[in-house]
2 protein chains.
Amino acid sequence: MKSKITLKKIAKEFDVSISTVSKALKDSHEISEEVKEKIQAFAKYYHYKPNSLALNLRNQKTKTIGVIIPQIVHHFFTKVISGIEQVANKNGYNVMICMSMDSYEKEVLNMDMLANGVVDGIIVSVAKETEEKENYSHFRDLIYNGIPLVMFDRVIDEIKCSKVLTNDLDGGYLATKHLINIGCKRIAILTTPDFVTVGNLRLEGYKNALENSLIPFDEDLVLKIDEDKNIEEQIKTLFSLKEPPDGIFGVNEIYAAYAMKYARKQGYDVPEDISILGFTDGLISQFSTPTLSTVAQHGNTMGQKAVELLLNEIEYQDTDYQHQTKVVETDLILRESTKKL
Amino acid sequence: MKSKITLKKIAKEFDVSISTVSKALKDSHEISEEVKEKIQAFAKYYHYKPNSLALNLRNQKTKTIGVIIPQIVHHFFTKVISGIEQVANKNGYNVMICMSMDSYEKEVLNMDMLANGVVDGIIVSVAKETEEKENYSHFRDLIYNGIPLVMFDRVIDEIKCSKVLTNDLDGGYLATKHLINIGCKRIAILTTPDFVTVGNLRLEGYKNALENSLIPFDEDLVLKIDEDKNIEEQIKTLFSLKEPPDGIFGVNEIYAAYAMKYARKQGYDVPEDISILGFTDGLISQFSTPTLSTVAQHGNTMGQKAVELLLNEIEYQDTDYQHQTKVVETDLILRESTKKL
DNA sequence: TATCAACACGAAAACGTTTTCGTTTCATTT
DNA sequence: AAATGAAACGAAAACGTTTTCGTGTTGATA
């Protein structure tokens, strides 16, 4: 293979100095027209492009932002990424996406690699395992090293940085309240294990709504899904209660879709016998039968806001910039899986 | 903010040379235990990490591979990326993901930025607009500059590089043949505009299957979806034919899902009145009602193979490495949207 | 006492770029 | 003739790292 063309090689070709070549390619007035022309022609012919590494090293910035997300197969995250791309590109920044696969180790590895000159700042949604282990030293290191950090969706309270989050508490409340309003008496919730904070917040919202409507909280109606086990089997227990639920709130669309599938298989009519409400407005919600009512999360907006906050921090690095927390509200999208009012 | 700690700063701190610090941190025998200890302790205390840019510049490699995909919201691409991540990480490589948004300009922009020292090689699935414009000079430039390139799924025949593709021809054949086997007489196909090669290949497979079963090809049953317009409206025309179809093959799961939704809304029973078959085994297929039979594409495998090919090229860059093309076969996954045999 | 080896460290090049600050040459002005 | 100025280019530092090749000091050996 032919190795890449550099300033040095061009300089050698014309027996001039490297600085002359650099200036010639920048059309500097310091260089004679004659020399400029031949150098520019040569560079063009050989498709010369300045080496980004060298440029970044010199400029001490990369015009790239790093994003670490737990999973890319989740519709919500792809929406966030789209939002990130939009705003980043508009501001002349590139985006580098890494996946932690919800693993603590991979999260640390990715951060280490991004932190050392590769990007100007990092946007992250914390891996489940990290939340579980509560080991946050890699975030502290990052901040210590002066690299701007913004967390979104799955954030950590103890870490001081800008954050963008869904109003999960309110979303949970909204969902549950609506189920109550349409007449559900026994509302179950399908949520995540305790250590997943967003799941917990939605559960809190659920409890608040019950309390607000003077409906007693029933522990039996709370199902914490273990994703390593068969999900359908776990949902089954809900339907074999003496008093099975007449409304189900799933803290994500997968759980809701599973619940709906199982209910219909058992002969329930959705929404007549049981109403089902999900969280996150993904493809499943739109294409399931019946279509799924859901709490929309506006991932796109979250991504955009995250970049805005990050770029602020990147630019005001020297001044004592105050970290901000933006809360993105949720919306109820009513479709066919819930009874009409 | 405190700026990052470097070898130079450590050297200054102890009044030694940079090389001494570098060696000390590498535990070189050239440095006395005493000096090594204090330098290592200091470095650890200040969380020293070598700057990747500097390292990459020196080593002339980044241990990073770039991936350019048209869209991240497609389930198939997320599967491919997962496969890429797996193999890349196993081999000590990082992955940088960029989106072209199916735009020619963004594809070129991303390639330019990746090409200049940022990554050791690039994996790409071509943007729709690029296929339409047939402007491939950016790929030629890349190869000319000696940067290994692997294309997957949406590939370009004229560009000489390694490729990983789905057996779209066979997949189209398989799907259509199955619809014929279960007794469909009038099989429609929902495909993409002409310039999308994968759509075209699946259409070819469809034609082959018809021919093989001596069923005359009917132009009216071929619907080329324009995604800028209302998809449901376009599907409508199919059902208002004098002889509407009794089987539909959608070249992706979205088209199939739309068709199924529309058919059921018109009172058709799926699969009794009409059988529907999709392409790509995504979430929609699994959660729709009825669940969607489909041609599975094995995105994960494709991603893995793409990385394997790329790493080969990166390592054998000097020798005259022969480009390879790997074809990944498809599988028929039969669910509820097609009649049983 | 001269020689040699081991030890502990420093200088400098290299990766590719930009930019500041010379330096040379030649022509013009006083 | 001396001074000034512009034009055209080069040298070198800087970004942060690694590594090869010195070099000076010590201690031991012949």
Heavy atom of residues 42-49 of chain B under 4.0 Å from DNA chain C: which residues? none

Below 4.0 angstrom, which residues in residues 52-66 of chain B have at least one non-hydrogen atom near DNA chain C? B:L57, B:R58, B:Q60

Rounded to the Å, how far apart are [X] [atom1] and [N] [atom2]?
| X | N | atom1 | atom2 | result |
| --- | --- | --- | --- | --- |
| B:K12 | D:dG16 | NZ | C1' | 15 Å |
| B:I39 | C:dC9 | CD1 | C1' | 10 Å |
| B:K8 | D:dT18 | NZ | P | 15 Å |
| B:N51 | C:dC15 | CG | P | 18 Å |
| B:K9 | D:dA14 | NZ | P | 14 Å |
| A:N116 | D:dC15 | CG | C1' | 15 Å |

Separation between CG of B:L25 and CD of B:Q40, rounded to the nearest 0.5 Å: 6.5 Å

Working to the nearest 0.5 Å, report the span between NE2 of A:H298 and CD of A:Q304. 12.0 Å

Let me have a per-nucleotide readout for nucleotides 5-11 of chain D, 5' to 3', with B, S or -, counting only protein heavy atoms under 4.0 Å. ---BBBB

Got more than 12 heavy atoms from elsewhere within 6.0 Å of [atom1], [X]?
| X | atom1 | answer |
| --- | --- | --- |
| B:K38 | NZ | yes |
| B:E105 | CD | no |
| B:K61 | NZ | no |

Using the ring pair (Phe, Tyr, Trp, His ring centres under 6.0 Å) criterion, which residues pair with B:F195? Sequence neighbours excluded. none

Residue list, ring pair (Phe, Tyr, Trp, His ring centres under 6.0 Å) with A:H138, at least two apart or on another chain: A:Y104

Among B:I39, B:I31, B:V35, side-chain contact (heavy atoms from CB on, under 4.5 Å) partner for B:V21: B:I39

Going by distance alone, is a donor N or O of one side chain under 3.5 Å from an acceptor N or O of the other, for A:K4 and B:N116? yes

Parallel, tilted or perpendicular: which fits the ring planes of B:F77 and B:F152, with parallel below 30° and perpendicular above 60°? perpendicular

Considering every strand and a 4.0 Å limit on heavy-atom distances, what is the contact class for B:T6: base, sugar-phosphate, or nothing? sugar-phosphate

Would you check if the side chain of [X] reaches a backbone N or O of [Y] as a donor-acceptor pair within less than 3.5 Å?
| X | Y | answer |
| --- | --- | --- |
| B:D102 | B:K128 | yes |
| B:D120 | B:I65 | no |
| A:K163 | A:I156 | yes |

Overall bend of the helix from C:dT1-D:dA30 to C:dT30-D:dA1 (five pairs an end, 10° steps) is 90°

